[in-house]
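What follows is a set of notes on a single structure, which appears directly below.
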Amino acid sequence: MKVLKFGGGCLKDAAAIRKLPGIIKNFDENIIMVVSAFGKLTNFLEEAYDTKNMLLVNDYFISIMTNLSLPKLIINEILSQVKYSNSKAELLSTGELISSKILSCYLQKENFKHTLLNATHIIKTNSNGVNSSVNWEETKSGFQKKSHVLPLLTQGFIASYSNNDNFEITCLGREGSDYSAAIFGKLFNADQVVLFKDVDGIYSEDPKKNASAKLFSTLTYDEAFNLSNKGNTVIHPKTIEPLKEKEIPILIKNFNNLNIKGTLIS
Ligand code: ASP
Ligand code: MG
């Protein structure tokens, strides 16, 4: 099975979202799709946390759902779940939770059968708000107790902490949804984790700043880790370790141009 992760930069508006069914058709049913919040939603939510004003966030969701021609009833149902929260992690998680819900409704409309899985029920962390660390033991034991029917659609970035009766939503740190894809890859013992991005792959330098930057077709786990650790932002450094440990290859593909081979990390 494969984990396919779609970043917010890929799924930034309705036109981009409409490309998704065509892309997942290239794979069989043995997939988990991990999505982050659409576009710059997490930034809008951070602003909303400070201003306690959800207007921008609501408008963004309304515009995407309207442009995807979702039925009015569904739009209102989804909007009723968008609420301000005093917990920053819970508020930020709205980005991924609502984005995945919208995608799920859209994929259903396109007759792509799947199950929407709430990642906060799988990935367990300590209680450190938006920058929580994975509790692997709890995550693994909870995962093994459940059965999972593929294809699945789930969220990056979000997780939870539970202690007795207390359940709180946590996050894995900004830009953490690559890491979520790696966590799912490790739990499911995937054959490959494909990270769809709005760039061609990993370059030696920023290609926007240096036209002679080289696109790597292959990298070892250590090379990729060193590059991302030194500030190359294409892939989150935490993504490498769980996949290196299980020798699961990572493929970085340009969502907008699948003809480009991308970068394979193995
Ligand atoms: N949506 C989250 C963020 O923007 C996680 C991610 O995109 O990886 O930080
Ligand atoms: Mg994001």
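When a ligand or atom number is given, it counts from 1 through the structure's own listing order.
Polar contact with ligand 1: present for S177 (N/O pair, distance under 3.5 Å).
D222 and T220 are not linked by any side-chain donor-acceptor pair at a separation below 3.5 angstrom, with hydrogens and angles left out of the test. No hydrogens or angles considered: nothing links the side chains of Y60 and N58 as a donor-acceptor pair under 3.5 Å. Residues E168 and S127 have side chains that bring a donor and an acceptor to within less than 3.5 angstrom of each other.
The residue from H236, Q155, E46, R174 that puts a heavy atom closest to atom 4 (O) of ligand 1 is R174.
Atoms of ligand 1 found under 4.0 Å from any heavy atom of T42, numbered from 1 in the order shown, are 1 (N), 2 (C), 3 (C), 4 (O). Atoms of ligand 1 found under 4.0 Å from any heavy atom of S36, numbered from 1 in the order shown, are 6 (C), 7 (O).
Heavy atoms of G7 stay at 4.0 angstrom or farther from ligand 1. For E96, the heavy-atom gap to ligand 1 drops under 4.0 angstrom.
Remark: K88 pairs with E46 by the salt bridge (Lys or Arg N to Asp or Glu O under 4.0 Å) rule, at least two apart or across chains.
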Side-chain polar contacts of residues 1-24 - donor-acceptor pairs under 3.5 angstrom, sequence neighbours left out - could you list them?
unit_1 : atom_1 : unit_2 : atom_2 : d
K2     : NZ     : Q192   : OE1    : 3.4
K5     : NZ     : S177   : OG     : 3.3
K5     : NZ     : D178   : OD1    : 2.8
D13    : OD1    : A15    : N      : 3.4
D13    : OD1    : A16    : N      : 2.9
R18    : NH2    : N67    : O      : 2.5
K19    : NZ     : N256   : OD1    : 2.9

